[in-house]
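Below is one structure, written out as C-alpha cells, with a few remarks after it.
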2 protein chains.
Amino acid sequence: MQETDDRPVITGKHRELLDQLLDKWSLQVLDRLCEQGSLRFNELRRSLPGITQKSLTVTLRRLERNGMVERVVVSDRPVAVEYRIAPIGRTLQDLIDALLLWTTANLAGVERARARFDEAGS
Amino acid sequence: MQETDDRPVITGKHRELLDQLLDKWSLQVLDRLCEQGSLRFNELRRSLPGITQKSLTVTLRRLERNGMVERVVVSDRPVAVEYRIAPIGRTLQDLIDALLLWTTANLAGVERARARFDEAGS
DNA sequence: CTCTGCGGTTTCCCATGGATACCTGGTGGA
DNA sequence: TCCACCAGGTATCCATGGGAAACCGCAGAG
C-alpha cells in the first residue's frame, strides 16, 4: 500500500484555496479579466448576466484578497475603478481555459449520463 | 485588439456542470478515485478526513448522475459496493492534477497576498 | 432640478449545504 | 448472545450564500 506518488496531498489549505476560486462567480470573473486584461466594475457586471452588485463586489474582494486581481482607482472625481488581472491570477488562465474546454467537450456526454440515470431511477 | 478568439462562451449549462463538479468534496472524491481506480464507500470515507456519510453519499450520487463514477454492487449477501471512476471521469484526471499542482505551487504566494491585504485593510 | 450612471454598502430573506444523530438490515467475530 | 462493522437512509438543526432591493455620495447631461 506504500505508493511513492508525487501527487501532492490535498490538505485543508488547498481545499480552502480552491473553494475561494471555484465558487459560483469567481471562475467567470477571472475568465473575463484574463480575456480583457482589465475591466471596470459595471463592464464586468454587464458581461456577467445574472450577477448582482453584491455578488460581484464580494467576489472581487475575495479575488483581490487572494492576489488574483488588482483594484486600481483610475479617477477620483468621477469615481472610476479598474480591475486588473494580477500576475498570479494570470497563471490561472490556462487552467480556466482547460476547464472551459473540458466542459464544452463533455457537456453532451454528461447530459446523456444524466438522462440515463434519471430514467433508471424513476 | 479585436481578436477572434475561439474560447468557448461560458453559458449557464457550463456553469451548472462546473458547479456540480467543483463543489466542496467532489474534487477530492474524484482525486481519490482517479488514484485508486475503485474504492469502497468506507475506504473513501476514511481517506477524506472530515467528510460525513451524508455528504459523501450525496456527492457520490451527484457524480454518478453526471457519469463521473460508477456504482458497482460487488456482493449481495454482505452488501458490498464499489465506486469506480468512469471513462468520462477519467478525462478529468489531468485537470484535477493541474489544479492540485497549481494550488501547491501558488499557495505560498496567495498567503502572502492575503497577509498584505489584511494588513492594509486593518 | 431631475435623471442617469458609477461604485459600491446595507438590509432582508430564502434556499442550499453541512453537521449531528439515529434508523435499517445483514455479516462475522468473541 | 452481544457487539462492531458494513453500506447506506432519514430527520433535524443551523450557518452560510446568494438574490432582491434600497440607499449612499458624486458627477455630468438635459
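All chains are named by letter (A, B, ...) in the order of the sequence lines, taking the proteins before the strands, and each is independently numbered beginning at 1.
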Closer than 3.5 angstrom, by distance alone: can the side chain of B:T57 be matched with the main-chain N or O of B:Q53 as a donor-acceptor pair?
yes
Which value, rounded to the nearest 0.5 Å, describes the distance between A:I88 atom CD1 and A:M68 atom CE?
4.0 Å
Please report the interatomic distance CZ(A:R45) to CG(A:L39), rounded to the nearest 0.5 Å.
14.0 Å
CA sep, side-chain torsions, deciding dist, call: A:R114, B:E16, salt bridge (Lys or Arg N to Asp or Glu O under 4.0 Å)
CA-CA 13 Å; A:R114 284 182 190 168; B:E16 185 209 346; 3.4 Å; yes
Please name the pair of heavy atoms, one in A:C34 and one in A:G89, separated by the smallest distance, quoted to 0.1 Å.
SG-O, 4.3 Å
What does the B/S/- profile of nucleotides 9-16 of chain C look like, 5' to 3', with a 4.0 Å heavy-atom cutoff to protein?
BBBB----
Whole angstroms only, please: what is the [atom1]-[atom2] distance between [X] and [N]?
X     : N      : atom1 : atom2 : result
A:L56 : C:dG7  : CG    : P     : 10 Å
A:N42 : C:dT4  : CG    : P     : 15 Å
B:W25 : C:dG18 : CH2   : C1'   : 10 Å
B:Q28 : C:dG18 : CD    : P     : 11 Å
B:L48 : C:dG18 : CG    : C1'   : 15 Å
B:D23 : C:dG18 : CG    : P     : 6 Å

Judged by nearest nucleotide, the residue sitting upstream toward the 5' end of DNA chain D, B:V81 or A:V79, is B:V81
Give a yes/no on whether any side-chain N or O of A:R46 is located under 4.0 angstrom from OP1 or OP2 of C:dC6.
yes
Reading DNA chain D 5' to 3', which nucleotide is the first, and which the last, to come under 4.0 Å of any heavy atom in chain B?
D:dC6 to D:dT12
Is there a side-chain contact between B:S38 and B:L33 (heavy atoms, below 4.5 Å)?
no
What does B:R71 touch in the nucleic acid at a heavy-atom separation under 4.0 angstrom: a base, only the sugar-phosphate, or nothing?
sugar-phosphate
Just to be sure I understand the rule, does B:T52 reach a base, reach only the sugar-phosphate, or reach nothing, if contact means heavy atoms closer than 4.0 Å?
base
Is it the case that one hydrophobic cluster holds both A:V69 and A:V58, taking links as side-chain heavy atoms less than 4.5 Å apart, direct or via other members?
no
Could A:R62 and A:W25 be counted as a cation-pi pair, given that NZ or CZ must be under 6.0 Å from the ring centre and within 45° of the axis?
no
Evaluate the salt bridge (Lys or Arg N to Asp or Glu O under 4.0 Å) criterion for residues A:R65 and B:D118: first the C-alpha distance (whole Å), next the side-chain angles of each, then the deciding distance (0.1 Å), finally the verdict.
CA-CA 8 Å; A:R65 176 166 186 265; B:D118 295 343; 2.9 Å; yes
